[in-house]
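Hydrogens, waters and symmetry mates are skipped; everything else that's a heavy atom, side chains included, is used. Computed from a predicted structure; not experimentally measured. In listed order, ligands and their atoms are each counted from 1.
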Amino acid sequence: MQHEKIIVMDFGGQYNQLIARRVRECNVYCEIYSYKRDIEEIKAMNPKGIILTGGPSSAYEADSPTYTKELFELGIPVLGICYGSQLMMHLLGGHVCKAPVREYGKIEVTVDQSSKLFSDVSEKTVCWMSHNDYIESAAQGFVVTAHTPDCPVAAAEMPEKGLYALQFHPEVLHTAEGTKMLSNFVYNVCGCKGDWRMDSFVETSIEAIRAKVGSGRVLCALSGGVDSSVAAVMLSKAIGSQLTCVFVDHGLLRKNEGDEVEEVFGPSGPYDLNFIRVNAQQRFYEKLAGVTEPEKKRKIIGEEFIRVFEEEAKKIGSVDFLVQGTIYPDVVESGVGGESAVIKSHHNVGGLPDYVDFKEIIEPLRDLFKDEVRKAGLELGIPEHLVFRQPFPGPGLGIRIIGEVTAEKVKIVQDADAIYREEIAAAGIARDIGQYFAALTNMRSVGVMGDERTYDYAIALRAVNTIDFMTAEAAQIPWEVLGKVTSRIVNEVAHVNRVLYDCTSKPPGTIEFE
Ligand code: GLN
């Protein structure tokens with residue numbers, strides 16, 4: 001089935017994935033492409049509407065990202081957001097220049113409620129602004145439909161051609177009625193019906209997988225994380241016993257996690273997955289010995305993973321397809337600096353090597369955002385506690401141990417992390433924190449214990465709150481909880497004499513340490 005589609009053209013803005021997610025929340029399918037995509041390709045995708053994103057450049061400068069004016073003559077509605085709106089005006093003859101007053105943050109905007117874009121939106125509505133340039137005067141034929149004290153053209157439109165421009169960011173939650181505006185665009189302007197729903201996604205995916213696989217054999221890499229679990233259960237519903245799921249315990253999992261995964265997905269669990277557990281701990285530790293560089297560690301882990309799969313596949317006999325839980329943020333192409341038009345999916349999954357010994361890779365979730373994967377998981381009947389698990393990186397504790405990975409260090413970080421998680425749960429604050437874990441710093445320092453000098457490791461505790469994992473803030477965990485965790489870790493975990501709390505937000509930090 002061909003879904004209605006909205007295309008987001010990426011000019012390098014920070015919130016581009018959010019635009020696509022908001023549109024999808026309106027039940028309309030949406031994909032992101034670089035502004036470098038040729039117009040013929042865009043036309044061939046037959047979109048119901050096109051959204052031009054924000055971006056760091058200035059539309060009036062010669063070397064800024066631009067697009068052919070033909071885009072506005074296709075008879076397809078176009079919504080420009082921030083840079084996108086400025087570019088639209090610049091190309092169509094309006095005047096864009098540096099604003100005398102830059103606007104940043106929540107600003108009250110006065111809108112013309114008779115615009116299709118603002119139907120059901122309050123006349124005075126708070127919107128998120130982030131711009132240095134502005135549209136001084138709209139292009140000929142446009143009517144101005146919103147303004148602020150400092151911004152004469154906060155919105156403009158030429159409804160007969162389906163052209164709409166917004167200086168502010170409707171995709172950001174700080175824009176109180178932003179989702180309403182995007183919904184107005186896709187429904188009232190583009191005429192979408194809203195055919196993107198997770199129940200039908202699951203159904204059509206299952207049919208498509210059946211048709212593709214035929215009588216072939218499929219191997220699924222199951223990590224126990226949300227994405228691969230949803231992929232595995234979907235495959236199992238589609239092709240039953242033709243599927244074999246291999247779970248590699250690389251020795252870099254959280255404490256007891258291997259057994260927990262086996263309990264749910266193994267032979268005594270509710271699913272029929274031909275579950276094979278490979279205990280490959282030693283093999284990974286040997287490969288990682290002496291390696292300290294984060295990218296190299298990721299690559300080694302990713303590569304060893306695929307080798308283990310290949311070996312298992314050979315034992316099963318002929319395997320035709322490999323399943324991966326790649327999701328949309330892994331494959332989305334980026335507008336700025338993206339030399340390669342499409343980032344190859346398998347390069348994203350923990351640095352897999354170029355040569356993979358399977359006929360084809362199946363990625364049933366590659367069109368989905370994380371929240372959609374979760375919805376699909378619930379649709380498939382996977383229990384909530386699995387569907388709402390915290391994200392855990394493919395290279396696992398390998399990147400939560402700074403520097404060289406050894407079996408001893410894995411044990412330290414596993415035990416510290418288990419204590420941290422226990423105490424967070426006991427305090428009843430687990431649901432208030434986006435993600436939290438312990439990491440082992442590569443730092444040793446002097447301490448005193450039982451009147452004796454110690455020279456041991458420092459554990460770092462991380463906890464962040466985030467909506468989309470693209471930006472995050474350090475969570476404010478009550479001091480008593482941190483105190484309890486600290487005293488338990490230094491008492492119960494050998495070779496740790498110090499506990500630090502990471503207060504860094506993202507950016508400039510990342511959520512993981514490596
Ligand atoms: N760079 C442009 C400006 O400063 C657009 C900014 C944006 O898209 N957020 O106005």
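Considering Ala59, Cys82, Gly54, Gly12 only, the shortest heavy-atom separation from atom 7 (C) of ligand 1 involves Cys82.
Ion pairing between Lys296 and Glu293 fails under the 4.0 Å rule for side-chain N and carboxylate O. Salt-bridge formation is detected for the pair Glu257/Arg389: a Lys NZ or Arg NE/NH1/NH2 atom is positioned less than 4.0 Å from an Asp or Glu carboxylate oxygen. Salt-bridge check for Lys43 with Glu70: passed, with a basic side-chain N closer than 4.0 Å to an acidic carboxylate O. Using a 4.0 Å cut-off between charged nitrogen and carboxylate oxygen, Lys375 and Asp371 do not count as a salt-bridge pair. Here Arg366 pairs with Glu363 in a salt bridge; the nearest charged N to carboxylate O distance falls below 4.0 Å.
The six-membered or imidazole ring of His169 lies away from that of Trp128, with a centre-to-centre distance of 6.0 Å or more.
Taking atom 5 (C) of ligand 1 as the reference point, the nearest protein heavy-atom neighbour is Gly55 O, 3.2 Å. Annotation: atom 2 (C) of ligand 1 to nearest protein heavy atom, Ser57 O, 3.4 Å. The closest protein non-hydrogen atom to atom 4 (O) of ligand 1 is Asn132 N, 2.8 Å.
Using a 4.0 Å cut-off between heavy atoms, Arg102 makes no contact with ligand 1 at all. At a heavy-atom cutoff of 4.0 Å, ligand 1 is contacted by the backbone of Pro56 but not by its side chain.
Under the 3.5 Å distance criterion, the side-chain polar atoms of Asn465 are matched with a main-chain donor or acceptor of Gly434. Side chain of Ser115 to main chain of Asp112: no donor-acceptor pair is present (N/O by atom type, distance under 3.5 Å, no hydrogens or angles).
At least one N or O atom of Asp133 sits closer than 3.5 Å to an N or O atom of ligand 1. Polar contact with ligand 1: absent for Gln167 (N/O pair, distance under 3.5 Å).
Atoms of ligand 1 lying under 4.0 Å from any heavy atom of His169, numbered from 1 in the order shown and given with element: 9 (N). Interface of His131 with ligand 1, defined as ligand atoms under 4.0 Å from a residue heavy atom, comprises 3 (C), 4 (O), 10 (O). Shown in contact with Ser130 at under 4.0 Å from a heavy atom are these atoms of ligand 1, numbered in order with element: 6 (C), 7 (C), 9 (N).
The shortest separation from a heavy atom of Gln86 to ligand 1 is under 4.0 Å, placing the residue in contact.
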